[in-house]
Amino acid sequence: MLGYIWTYIYSSILRYWLKWFIRQATGTCELQRICSGYKPGATRTTKAEYSLRSSKNKVLRGALETNKDNLERCVDQIMKEKTVKPQKDPLFKESLHICLLQITGSSSLYISVEDLRKEVFNSENQQHEALLLKLWDLLMPAVKLDSRITKQWGDIGFQGDDPKTDFRGMGMLGLINLVFFSENYTEEARQVLSHANHPKLGYSYAIVGINLTEMAYSLLKSGALKPHFYNTVLGTAELRHFHQLYCYLAYEFDKFWVAEEPESIMEFNQYREKFHNIVKTHLQDPDVALTLTICSKK
């Protein structure tokens, strides 16, 4: 209760006067101090985002909802509102522009990811079918499918004879992530598949992959991935950056699973949650960058 009261008093009263006092002493606004005082990355962009969101100025708050095409004009408006002179602070405009690209890019990325998640796999859609068959060819190049509906799909970790039923939760997002990993990290994906087919430590490769897509999606939706993208993308995060994050999760989960040596696949949820907590702990590091240390094809 006391914490809530203090937060309210600080944000409603003390913060305003503290900012005013520091501006009088330094001659710079809070955004200027943030942009000049921190290197590009999560710390700087997170502080800029908080400053904009906490502002009583509609122009500053509105910057968080601005689309990419209007960001330059938005930055000019902010500089006018805060009386920032380009001659005195020549780096401010570019620094704030990058922060806003990252902040607004996070929102647009979620919309793009959500659209893919909502897109249902359709067997009558040739593009959907081609993508599914591509996944097989990438993972099992020496083995041909007997038919489109076959028990062979179990060899790469699907539950039934027709994989389309396994995509119900994550839609096309789950399939695209599986294909992206297999196409851009083919050797690593096949290595992970071989671990998944281990007689004792094995797990359902595709099903776990879709589950990890859900993990990535949930982290994105909650905002937990912002520090990662702010540190690794100097601009607007796009779908490929989300797919790269999935590749990290798929590869690292396999390493984690093999190292932990679970007694059986029945313990999956327990170990999945443990891995999830490890990832969330990493994301609390302001310098976090959840990227594979191996080189991709693209």
Side-chain angles (χ1 to χ4, degrees), residues 38-49 64-69 71 94-119 131 134-135 138 170-189 192 209-255 275-276 278-298:
Y38 298 91
K39 64 181 181 180
T43 300
R44 186 178 77 174
T45 302
T46 300
K47 286 181 176 294
E49 184 174 9
L64 299 173
E65 310 298 330
T66 304
N67 62 50
K68 186 177 179 180
D69 295 334
L71 280 184
E94 181 182 356
S95 298
L96 181 59
H97 188 259
I98 291 173
C99 288
L100 286 174
L101 280 173
Q102 293 181 314
I103 294 166
T104 58
S106 179
S107 299
S108 61
L109 175 61
Y110 173 71
I111 292 172
S112 298
V113 168
E114 179 70 356
D115 286 343
L116 280 181
R117 187 189 71 85
K118 289 180 177 179
E119 185 177 349
L131 205 58
K134 183 178 184 178
L135 176 64
L138 286 167
M170 287 290 109
M172 286 301 295
L173 182 64
L175 176 56
I176 291 172
N177 271 344
L178 286 168
V179 172
F180 188 95
F181 182 40
S182 301
E183 186 172 26
N184 292 280
Y185 300 93
T186 307
E187 183 179 342
E188 288 72 26
V192 172
I210 294 170
N211 192 290
L212 292 173
T213 288
E214 192 280 329
M215 181 185 295
Y217 167 77
S218 297
L219 290 169
L220 177 68
K221 184 176 181 179
S222 70
L225 288 180
K226 284 183 178 182
H228 161 72
F229 288 126
Y230 290 168
N231 284 327
T232 58
V233 184
L234 196 62
T236 302
E238 300 174 352
L239 274 172
R240 62 187 174 88
H241 298 118
F242 179 81
H243 299 323
Q244 287 282 2
L245 182 276
Y246 165 79
C247 294
Y248 169 88
L249 293 178
Y251 190 72
E252 290 298 320
F253 176 80
D254 178 69
K255 287 169 56 178
F275 177 72
H276 191 195
I278 291 172
V279 173
K280 288 191 289 186
T281 298
H282 287 328
L283 289 169
Q284 292 174 5
D285 180 353
D287 296 320
V288 63
L290 303 182
T291 55
L292 286 181
T293 55
I294 53 181
C295 295
S296 69
K297 292 182 178 180
K298 294 184 180 179

- prompt: Would you say Leu71 and His97 make side-chain contact, with heavy atoms under 4.5 Å?
  reply: yes
Qualifying salt bridge (Lys or Arg N to Asp or Glu O under 4.0 Å) pairs, either residue in residues 234-245, two or more places apart: Glu238-Arg240
- request: Tell me, please, which residues at least two apart from Lys47 pass salt bridge (Lys or Arg N to Asp or Glu O under 4.0 Å).
  value: none
- request: Report yes if the side chains of Leu219 and Lys280 come closer than 4.5 Å at any heavy-atom pair, otherwise no.
  value: yes
task: State, yes or no, whether a side-chain contact exists between Phe181 and Val192 at a heavy-atom distance under 4.5 Å.
output: yes
task: Calculate, to the nearest 0.5 Å, the distance between atoms CG and NE2 belonging to Asp287 and His282 respectively.
output: 13.5 Å
message: Measuring only between side-chain heavy atoms, which start at C-beta, is Thr232 closer than 4.5 Å to His241?
response: no
field: Glu252: side chain to side chain contact (heavy atoms under 4.5 Å, CB included) partners, not counting sequence neighbours
entry: Tyr248, Lys255, Phe275
- request: Could you give me the CA-CA distance, side-chain angles and deciding distance for Ile176 and Thr213, then say whether side chain to side chain contact (heavy atoms under 4.5 Å, CB included) is met?
  value: CA-CA 10 Å; Ile176 291 172; Thr213 288; over 6 Å; no
task: Identify the heavy atoms of Ala216 and Leu245 that sit nearest to each other, and give their distance.
output: CB-CD1, 3.8 Å
For Lys221, all residues meeting side chain to side chain contact (heavy atoms under 4.5 Å, CB included), sequence neighbours excluded: Tyr110, Tyr217
- request: With the side chain counted from C-beta on, respond yes when Ser95 and Arg44 share a heavy-atom pair under 4.5 Å apart, and no when they do not.
  value: yes
- line: Here the pair of heavy atoms bringing Leu220 nearest to Leu225 is N-CD1, 3.6 Å
task: Check whether any side-chain heavy atom of Asn184 sits under 4.5 Å from a side-chain heavy atom of Phe180, and report yes or no.
output: yes
task: With rounding to the nearest 0.5 Å, note down the distance linking CD1 in Ile103 to CG in Leu96.
output: 8.0 Å
query: Are the side chains of Val113 and Leu239 in touch, meaning some heavy atoms are under 4.5 Å apart?
result: yes
task: State, to 0.1 Å, how close Val288 and Pro227 come at their nearest heavy-atom pair, and which atoms those are.
output: CG1-CB, 3.7 Å
With sequence neighbours excluded, residues passing salt bridge (Lys or Arg N to Asp or Glu O under 4.0 Å) with Arg117: Glu114
- line: d(Leu173 CG, Lys118 NZ) to nearest 0.5 Å is 12.5 Å
query: When rounded to the nearest 0.5 angstrom, what distance separates CD in Gln244 from CG in Asn177?
result: 10.5 Å
- request: Take Thr45 and Glu49 through the side-chain hydrogen bond (donor to acceptor under 3.5 Å, both in side chains) test and state the conclusion after the steps.
  value: CA-CA 6 Å; Thr45 302; Glu49 184 174 9; over 6 Å; no
message: A side-chain contact here means heavy atoms from C-beta on lying under 4.5 Å apart; do Pro40 and Ile98 qualify?
response: no
field: Over all atoms of both residues, closest heavy-atom pair of Ser182 and Ala189
entry: CA-CB, 3.7 Å
message: Test your reading of the model: is there a side-chain donor-acceptor pair from Thr46 to the backbone of Thr43, 3.5 Å cut-off?
response: no
- request: Would you mind telling me which of Leu100, Leu101, Leu109 makes a side chain to side chain contact (heavy atoms under 4.5 Å, CB included) with Thr236?
  value: Leu101
field: Counterpart residues, salt bridge (Lys or Arg N to Asp or Glu O under 4.0 Å), relative to Glu119 (two or more places apart)
entry: none
query: So, for Leu290 and His228, which heavy atoms are closest and what is the spacing to 0.1 Å?
result: N-ND1, 3.0 Å
query: Between the side chains of Ser106 and Gln102, does any donor sit under 3.5 Å from an acceptor?
result: no
- line: Rounded to the nearest 0.5 angstrom, the OH-CD1 distance for Tyr246 and Ile210 is 8.0 Å
message: So which atom in Tyr230 and which in Ala42 form the shortest heavy-atom distance, rounded to 0.1 Å?
response: CB-CA, 3.6 Å
